[in-house]
Amino acid sequence: MVRFFSSQIDSTAGQTDVEQTSNAFEIPITNPGVPSKQLVRTGYAVSYNSNWRIPNWVAYELTAQEARGRLRREGSFEPDYDIGYNGADNGDYKGSGYSRGHMAPAGDMKWSGRAMRESFLLTNTCPQDFDLNAGLWEDLESALRDCAHRWGSVYIVCGPVVDKGYETIGRHRVCVPQRFFKVVCWKSSGQWHCKAFVFPNRKLSGRFHDYSTSVDDVERLTGHDFFSKLPDNIENVIESRDNRGRW
């Protein structure tokens, strides 16, 4: 995976950066109906929505080597001044009842101090129910690190599902998503596979497998197009499956 730092696709990035980032396998085609400023970091890329003050999606490849990173979790949540400034700050979350939920988790960035620090930028977070954040969402993050060890790398895209009538928090009116998605793609034994999950933004029971769905369903919910660089005859088959409980 090509790594970048603080480039903006729609404004200041050089042409080479734009071309390389756009060609990265994990980068989805963003729903054309939503505002999108694409930013690229050391460990992930993000499509930022200036209306919602949260990301449309965050995408990255997690390799086996990266998943073996052992740096201590370190960083503090900070506004992301690469957006202008038109985004959330820590005051928006204070007293809101929501946690600052990482999309690209700090636990996946232990291979680089810079990647770790950038994971705490508020453009990489959404208002998330604390019990979800510390529960099934975290369980899935941990499971995907194990998957990266097993298969060599996994491609991950996650973000909010926002319906009409959403709640907001803070003076910047930061959108509170009603749900969150995570889609994953990997190759093993010469074959491509996908899994997808949708979690309501509240405390949940059961296991994360209970909230699996198909990639096609997530595309219908969000309007994004995931893993479009797969050949159509492969993409159409694997994205239609709900591989519940299968890794």
Minimum heavy-atom separation for Ile83 to Leu39, with atom names?
CG2-CD1, 3.8 Å
Nearest heavy atoms of Ile29 and Ser228, plus distance in Å:
CD1-OG, 3.7 Å
Is the side chain of Ser96 donor-acceptor paired with the backbone N or O of Tyr98 at a distance under 3.5 Å, no angle test?
yes
Under 4.0 Å between a Lys/Arg side-chain N and an Asp/Glu carboxylate O for Asp82 and Arg41?
yes
Given the rule in the side-chain contact (heavy atoms from CB on, under 4.5 Å) test, do Thr222 and Asn31 qualify, once you have shown the distances and angles that lead to the verdict?
CA-CA 7 Å; Thr222 64; Asn31 180 346; over 6 Å; no
Quick one, Asn90 and Arg100 - any side-chain contact, counting heavy atoms below 4.5 Å?
yes
Closest contact, heavy atoms only, Ser119 versus His102
O-CD2, 3.0 Å
Is atom CZ of Arg220 surrounded by more than 12 heavy atoms (other residues, nucleotides or ligands) closer than 6.0 Å?
yes
Asn49 and side-chain contact (heavy atoms from CB on, under 4.5 Å): which single residue from Val34, Thr30, Val162 fits?
Val34
For the pair Phe208 and Phe197, name the ring-plane relationship: parallel under 30°, tilted 30 to 60°, perpendicular over 60°.
perpendicular
Identify the heavy atoms of Tyr166 and Cys175 that sit nearest to each other, and give their distance.
CD1-SG, 3.6 Å
His172 and Arg53: which non-hydrogen atoms are nearest, and at how many Å?
O-NE, 3.4 Å
Would you indicate whether the side-chain heavy atoms of Phe227 and Lys229 approach each other to under 4.5 Å?
no
With a 4.5 Å cut-off on side-chain heavy atoms, are Pro127 and Ile54 touching?
yes
Qualifying residues under side-chain contact (heavy atoms from CB on, under 4.5 Å), relative to Arg171, sequence neighbours excluded:
Asp89, Asp92
So which heavy atom on Ala45 is nearest to which on Trp57, and how close?
O-CZ3, 3.7 Å
Derivation and outcome, side chain to side chain donor-acceptor pair (under 3.5 Å), residues Asn133 and Ser99
CA-CA 7 Å; Asn133 189 12; Ser99 65; 3.1 Å; yes
Side-chain contact test, heavy atoms from C-beta onward, threshold under 4.5 Å: evaluate it for Leu122 versus Asp80 and give yes or no.
no
Is there a donor-acceptor pair under 3.5 Å between the side chain of Asn201 and the backbone N or O of Phe180?
no
Residues that Phe130 engages under ring-ring contact (aromatic ring centres under 6.0 Å, His included), provided they are two or more places apart:
none
Side-chain heavy atoms of Phe77 within contact of Asn124, under 4.5 Å
no
So, using salt bridge (Lys or Arg N to Asp or Glu O under 4.0 Å) as the criterion, who are the partners of Arg117 when residues are at least two apart?
none
Could you pull out all residues at least two apart from Arg179 that satisfy salt bridge (Lys or Arg N to Asp or Glu O under 4.0 Å)?
Asp163
I'd like to know if Asp129 and Lys203 make a salt bridge, using a cut-off of under 4.0 Å between side-chain N and carboxylate O.
no
Tell me if a side-chain donor or acceptor on Glu118 pairs with a main-chain N or O of Thr42 at a distance below 3.5 Å.
yes
Taking the side chain as everything from C-beta on, heavy atoms only, tell me whether Val176 gets closer than 4.5 Å to Ile169.
yes
In terms of the angle between their ring planes, are Trp151 and Trp186 parallel, tilted or perpendicular, with boundaries placed at 30° and 60°?
parallel
Test of understanding: with ring-ring contact (aromatic ring centres under 6.0 Å, His included), list the residues that count as partners of Tyr155, not counting sequence neighbours.
Phe25
Run the ring-ring contact (aromatic ring centres under 6.0 Å, His included) test against Phe181 and tell me which residues pass, sequence neighbours left out.
Phe226
Is there a side-chain contact between Ile156 and Tyr44 (heavy atoms, below 4.5 Å)?
no
Would you say the side chain of Lys110 lies within less than 4.5 Å of the side chain of Met116, judging by non-hydrogen atoms?
yes
Is there a continuous path of hydrophobic side-chain contacts, each under 4.5 Å between heavy atoms, that joins Tyr81 to Tyr48?
yes
